[in-house]
Protein chains: 2
Amino acid sequence: MLQLKDLPNAEILSKFAERYPDADIHKVLQFLTVLRIGSDLSLMLDNFLAGYGLLQGRWWVLILLMREADLTTTPSILASKAGVSRATMTGLLDGLEREGLVSRVTDKRDRRRLAIQLTTAGQAKLDQVMPDYYQRVNALMDSLSSAEAEELIQSLKSLHSQQTVFE
Amino acid sequence: MLQLKDLPNAEILSKFAERYPDADIHKVLQFLTVLRIGSDLSLMLDNFLAGYGLLQGRWWVLILLMREADLTTTPSILASKAGVSRATMTGLLDGLEREGLVSRVTDKRDRRRLAIQLTTAGQAKLDQVMPDYYQRVNALMDSLSSAEAEELIQSLKSLHSQQTVFE
DNA sequence: TTGACATTGTTAGCTAGCTAACTATAATGA
DNA sequence: TCATTATAGTTAGCTAGCTAACAATGTCAA
C-alpha cells in the first residue's frame with residue numbers, strides 16, 4: 001500500500017491544499033516515504049526468504065528459538081519476544097510444526113504450558129539461510145557510511161519516540 | 001514481527017557469531033531497526049484511522065479517488081497506483097462498497113471495466129479524518145529539523161536503491 | 001472474419017496480523 | 001477447602017497482502 005510512485009501533481013496539490021489547509025506536503029511526503037520504504041524492504045526480505053522456502057514470521061520464530069540455550073521455550077514467551085499476539089504465534093507454530101522445523105512438547109509439571117523445540121531440520125534450515133542473509137545485509141548496509149547509518153537510526157528513533165502524537 | 005525490544009545479549013551474540021562468522025551485528029541491528037520502526041509507524045497510523053472507523057488500505061483508496069477530477073477511476077488503475085494486486089483491490093473495494101464509501105458502476109463502452117466512484121459519504125469521511133491526519137503528521141515530523149528529515153529520506157532512498165542485493 | 005492474444009475483474013487458497021471469547025489448568029486467599 | 005482469579009494456548013472471524021486460475025470481453029493480425 002501507499003505507493004509513492006504516484007506522486008501528486010500541481011493540480012492535485014492545489015485541490016488538497018484548498019480543502020485541507022493544514023497539509024504540509026513536504027512533511028506528508030516524507031512521512032509516506034518512511035512508511036513505504038519500510039514496507040518495501042520488508043517485502044524484499046520476504047522474497048529472499050521465499051527462495052529458501054521460508055516466510056518472515058516463521059523465520060523469526062526459528063531465530064528466537066535458536067537463541068535459547070536448550071533451543072526450547074513456550075509459545076507465550078515467543079509471542080512476547082516476537083511482538084505478536086499469542087493467537088498469531090499459534091498460527092506460526094502450526095506452520096512450522098507442519099514443516100517439521102519445530103515440535104510441540106507438553107509440559108508435565110504445568111499442563112497449560114507447551115515446550116516449543118527447534119528440531120534438527122529447523123536448525124539445518126537456519127544454517128542454510130543465515131550465512132546468505134548476513135552477507136546480503138552487509139551488502140545492503142554498505143550503501144551507507146557508518147556515520148550515515150547511525151544518523152538514520154537516530155532520526156528513526158526520534159520519530160518513533162513521537163508516536164504519541166498519533167494517539 | 002521483528003521485535004527489537006528483545007536485543008541479543010553477549011552470550012547469544014557469541015553463539016551466533018561462532019556459527020555464522022559473516023554476521024555484522026551492528027549492521028543487522030540497524031537493518032532490523034529500519035524494518036521495525038517502519039512497521040510500528042504503520043501500526044500507529046492504523047490505530048489512528050481506526051478511531052475514525054477506517055483502515056489504512058481502504059483510506060488510501062479513498063484518497064486516490066479524491067485525486068481524480070471526477071472522483072472516478074477503475075479498479076486496475078487504483079491497484080496500480082496503490083501498489084497492490086488487482087485481487088487485493090477487489091477486496092478493498094468490497095469493504096468500501098459495503099460501507100457506502102464508494103460505488104461500482106458498470107462501463108457500457110467496455111463491459112470488462114468498472115467505474116469506481118467516491119460517494120458523498122466517502123468524501124465526508126475524508127473531510128472528517130484528513131485535517132486531523134495532517135496536523136498529526138506535522139507534529140510527528142516536527143521532531144526532526146528539515147535538514148535531518150531530508151537526510152533521513154536520502155538515506156532511506158539509498159537503501160531502497162540497493163534492494164537488488166537481496167534478489 | 002475468425003482465431004489467437006491481451007485485459008479486466010473476480011474467486012480460491014495461502015500467510016500473517018489483530019481482538020474477543022473459550023477451555024483447561026494453576027494459583028491464591030478467605 | 002473451595003471459590004475466585006490469573007494464565008496458557010486455541011479457535012473464530014476480521015483485514016489485507018500475495019499468486020494462480022478463470023470467465024467475460026476487447027483487440028488485432030492473418
Side-chain angles (χ1 to χ4, degrees), chain A residues 1-3 35-36 38-51 53-62 73-99 101-102 104-116, chain B residues 1-3 35-36 38-50 53-62 73-80 82-99 101-102 104-116:
Chain A
M1 206 24 69
L2 295 166
Q3 183 67 283
L35 289 184
R36 182 71 196 190
S39 101
D40 278 358
L41 291 174
S42 180
L43 194 58
M44 168 202 83
L45 180 60
D46 278 335
N47 291 336
F48 165 74
L49 292 171
L54 272 173
L55 293 160
Q56 202 179 138
R58 296 182 186 175
W59 167 74
W60 194 243
V61 173
L62 295 182
T73 186
T74 72
S76 282
I77 292 174
L78 283 173
S80 157
K81 290 190 174 175
V84 300
S85 66
R86 283 176 299 145
T88 295
M89 187 51 63
T90 294
L92 293 171
L93 293 172
D94 284 346
L96 286 165
E97 192 180 34
R98 210 179 307 129
E99 292 166 2
L101 303 180
V102 308
R104 281 177 164 105
V105 182
T106 56
D107 183 326
K108 280 163 188 164
R109 285 178 303 183
D110 183 342
R111 302 203 314 202
R112 292 171 305 181
R113 281 195 168 79
L114 286 179
I116 305 297
Chain B
M1 207 21 71
L2 295 166
Q3 183 67 282
L35 290 184
R36 183 73 197 191
S39 100
D40 279 358
L41 291 173
S42 180
L43 193 60
M44 168 203 83
L45 180 59
D46 278 334
N47 291 336
F48 165 74
L49 292 171
L54 272 172
L55 294 161
Q56 201 179 139
R58 296 181 187 175
W59 167 74
W60 195 243
V61 172
L62 295 182
T73 185
T74 72
S76 282
I77 292 173
L78 283 173
S80 155
V84 301
S85 66
R86 284 175 298 144
T88 295
M89 188 51 63
T90 295
L92 292 171
L93 293 173
D94 284 346
L96 286 165
E97 192 180 34
R98 208 180 308 130
E99 292 167 2
L101 304 179
V102 308
R104 282 179 164 104
V105 182
T106 56
D107 183 327
K108 280 164 188 164
R109 284 177 303 182
D110 182 343
R111 302 200 316 197
R112 292 170 305 180
R113 280 194 169 79
L114 285 179
I116 304 297

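Proteins come first, then strands; the chains are lettered A, B, ... in the order of their sequence lines, and each starts at number 1.
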### Query
Any side-chain heavy-atom pair from A/Arg113 and A/Asp110 closer than 4.5 angstrom?
yes
### Task
Kindly say if A/Arg109 contacts the phosphate of C/dA26, meaning a side-chain N or O under 4.0 Å from OP1 or OP2.
no
### Query
When the distance from CG of A/Asn47 to P of C/dT15 is rounded to whole Å, what number comes out?
16 Å
#### Entry: A/Arg98 vs C/dT15: side-chain N/O to OP1/OP2 distance below 4.0 Å
yes
### Validation row: B/Arg86, B/Pro75 side chains within 4.5 angstrom (heavy atoms)
no
### Message
Please determine whether a side-chain nitrogen of the Lys or Arg among A/Asp40 and A/Arg36 lies less than 4.0 Å from a carboxylate oxygen of the Asp or Glu.
### Response
yes
### Task
Give the B/S/- string for nucleotides 5-10 of chain C, one per nucleotide from 5' to 3', where a protein heavy atom under 4.0 Å of the base yields B, of only the sugar-phosphate yields S, and otherwise -.
-BBBBB
### Salt bridge A/Asp94-A/Arg104, side-chain N to carboxylate O under 4.0 Å
yes
### Length of the line joining A/Asp46:CG and D/dT19:P, which is rounded to integer Å
11 Å
### Query
Can you tell me how far P of D/dG17 sits from CH2 of B/Trp60, to the nearest Å?
12 Å
### Residue mapping more 5' on DNA chain C - nearest nucleotide basis, A/Leu55 or A/Arg111
A/Leu55
### Length of the line joining A/Glu99:CD and C/dA16:P, which is rounded to integer Å
9 Å
### Atom-to-atom span, CG of A/Leu101 to P of C/dT15 - whole angstrom
13 Å
### Query
Do B/Ser85 and B/Thr88 have a side chain donor and acceptor closer than 3.5 Å?
yes
### Message
So, does A/Ser85 get its side chain near the phosphate of C/dC18, meaning an N or O under 4.0 Å from OP1 or OP2?
### Response
yes
### Message
Is there a side-chain contact between B/Leu45 and B/Trp59 in this structure, where contact means two heavy atoms from C-beta onward sitting under 4.5 Å apart?
### Response
yes
### Message
Tell me the interatomic distance from B/Leu96, atom CG, to D/dC14, atom C1', rounded to whole angstroms.
### Response
15 Å
### Message
From CE of A/Met44 over to P of D/dC18, roughly how many Å is that when rounded to an integer?
### Response
17 Å
### Task
Could you state the atom-to-atom distance from NZ of A/Lys108 to P of C/dT25 in whole Å?
15 Å
## Note on the structure
Rounding to 0.5 Å, atoms OG1 (B/Thr74) and CD1 (B/Ile116) come to a distance of 8.0 Å
